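All chains are named by letter (A, B, ...) in the order of the sequence lines, taking the proteins before the strands, and each is independently numbered beginning at 1. Side chains are part of it too, since the values below use all heavy atoms of this structure and drop only hydrogens, waters and symmetry mates. These figures come from a predicted structure and were not determined experimentally.
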Protein chains: 2
Amino acid sequence: MVRQREFDVDIALDAAMQIYWEKGFEATSLSDLTSRMGIQRPSIYSAFGDKKELFEAALRKYTTYHSSNVRAKLQNRSSVKEGFRTLFEGIVEEGYSESCNRGCFCINTMVELAPHDEKFEILTREHQMYLSAIFQEAIERGLRSGELETDMNAKALAQTLVVSLIGLTVLMKSRPERSFINNSVEIILTLLK
Amino acid sequence: MVRQREFDVDIALDAAMQIYWEKGFEATSLSDLTSRMGIQRPSIYSAFGDKKELFEAALRKYTTYHSSNVRAKLQNRSSVKEGFRTLFEGIVEEGYSESCNRGCFCINTMVELAPHDEKFEILTREHQMYLSAIFQEAIERGLRSGELETDMNAKALAQTLVVSLIGLTVLMKSRPERSFINNSVEIILTLLK
DNA sequence: ATCATAACATACTTATCGGTATAATATACT
DNA sequence: AGTATATTATACCGATAAGTATGTTATGAT
């Protein structure tokens with residue numbers, strides 16, 4: 001039965017993700033969304049629900065995409081240290097190259113919505129926990145292979161690297177001098193020894 | 001000549017700071033501002049300019065207040081290490097105790113406005129640079145007194161602590177388990193040795 | 001006491017906000 | 001072919017956004 005949808009839900013959601021990522025929840029209007037997604041207002045409501053539900057779907061899409069991205073960066077290297085270096089330096093390069101520094105959609109949401117909306121407090125927290133688990137696995141791999149010989153707890157170290165990555169990502173938004181960032185990255189990476 | 005202002009500009013600005021700090025720029029309406037500041041709309045415009053100029057004034061007030069707060073925490077201790085511990089643990093306690101976790105107004109602005117408004121990119125960057133300088137002074141004091149004997153560059157170390165503090169402050173918005181934060185703080189503070 | 005001036009409270013303007021009612025259109029099933 | 005149903009585009013809704021015009025009130029200078 002019935003007429004079928006003319007747009008691809010996943011492509012539309014990706015477009016929504018891009019604009020929410022760039023502008024945040026409040027600063028993005030439904031007109032922004034319709035023009036970027038290439039569909040009309042009622043199509044958004046029927047496919048995704050209201051503005052906030054669409055935002056949640058976009059953020060969920062982002063976190064899965066981001067998780068697998070991070071995992072890939074850490075796994076596609078034989079050296080764990082090099083994996084983390086690639087990850088951290090990637091954030092830095094991205095920050096300096098893009099004209100508008102979007103940063104990390106999840107971190108942006110942690111700042112904008114988590115304090116006022118429990119759903120996003122949980123969603124963003126869980127993503128950070130997941131990243132921490134990915135980091136921990138990588139560190140434990142390095143310990144087993146003998147590449148790392150730190151006496152620090154792998155979990156605690158992973159958590160610290162998550163905190164550092166958040167700090168770097170956020171600080172990049174103010175476009176500080178490269179030396180500031182480079183200095184920090186070097187010291188953070190010395191934790192992996 | 002002429003009628004004199006019935007409200008205290010500084011008190012009104014403080015009220016504006018509180019609400020902007022709590023809700024951010026976009027989510028704060030002029031009605032929010034008038035009710036919290038206790039003055040009428042035209043009074044805001046005549047005393048502070050438009051919504052964004054008021055925001056800028058509020059942020060400037062915050063950064064000076066915040067800088068001196070941080071400086072005090074680091075200086076009112078004989079031990080530099082204890083000073084940093086007080087600072088970091090203060091952020092953590094604040095985050096868990098407040099019902100709405102406002103975090104740091106400057107960091108919030110770095111995320112919300114810096115990527116889209118050069119004025120705030122500069123303003124927020126300069127505040128972080130200033131904090132870094134305060135941190136560096138404290139570290140150098142510790143080196144001179146013999147309390148610290150790190151072989152790391154004091155400036156680079158200060159910059160790393162700024163990055164870590166940003167990361168902690170932001171992550172607190174998702175209210176992670178205490179152990180996550182405590183682990184991180186301990187490892188970050190081991191950089192000071 | 002009068003006058004010039006600026007702060008005040010009220011009420012308004014224009015634009016845009018998020019969200020929806022409506023009617024036309026297209027498709028799958030009988 | 002006809003019918004039921006969901007999608008589409010258009011146009012609209014009330015509410016609220018930021019910002020301002022207006023007339024009243026208070027004060028310092030003459």
The single option from A:Arg125, A:Arg71, A:His66 that satisfies side-chain hydrogen bond (donor to acceptor under 3.5 Å, both in side chains) with A:Tyr130 is A:Arg71

Base, sugar-phosphate, or nothing for A:Ser31, non-hydrogen atoms under 4.0 angstrom?
sugar-phosphate

Rounded to the nearest angstrom, tell me the gap between atom CZ in A:Phe55 and atom P in C:dG18.
13 Å

What is the distance from CZ of A:Arg3 to C1' of D:dA4, rounded to the nearest Å?
15 Å

For the side chain of B:Ser29, starting at C-beta, report the closest nucleotide among C:dC17, D:dA18, C:dT10.
D:dA18

For the residue pair A:Phe25 and A:Tyr20, does the interplanar ring angle fall in the parallel (under 30°), tilted (30 to 60°) or perpendicular (over 60°) class?
parallel

In whole angstrom, give the distance that lies between atom CD of B:Glu6 and atom C1' of C:dA6.
11 Å

Of the nucleotides C:dG19, C:dA28, C:dA11, which has the atom closest to the A:Leu30 side chain?
C:dG19

Looking at D:dT7, I'd like to know if its phosphate oxygens (OP1 or OP2) sit under 4.0 Å from a side-chain N or O belonging to A:Ser43.
no

Given atom CE of B:Met37 and atom P of D:dA18, what is their separation to the nearest angstrom?
13 Å

Of the candidate nucleotides C:dA7, D:dT20, C:dG18, which contains the atom at the shortest distance from the side chain of B:Arg41?
D:dT20

Just checking B:Glu89: does its CD atom have more than 12 heavy atoms from other residues, nucleotides or ligands closer to it than 6.0 angstrom?
yes

Under 30°, 30 to 60°, or over 60°: which ring-plane class applies to B:Phe55 and B:Phe105, parallel, tilted or perpendicular?
perpendicular

Roughly, in whole Å, what's the span from CG in B:Leu54 to C1' in D:dG19?
14 Å

Heavy-atom closest contact (B:Arg175 atom, B:Ser99 atom, distance)
NH2-O, 2.9 Å

How many whole angstroms separate atom CD of B:Gln4 from atom P of D:dT25?
18 Å

Rounded interatomic separation in angstrom, taking OH from B:Tyr45 and C1' from D:dA17:
10 Å

Which is true for B:Thr34 with a 4.0 Å heavy-atom rule: it touches a base, it touches only sugar-phosphate, or it touches nothing?
nothing

For A:Phe25 and for A:Pro42, locate the closest nucleotide of DNA chain C by heavy-atom distance; then report the residue assigned to the nucleotide nearer the 5' terminus.
A:Phe25

Can you measure B:Arg5 atom CZ to C:dA6 atom C1' for me and round it to whole angstrom units?
9 Å

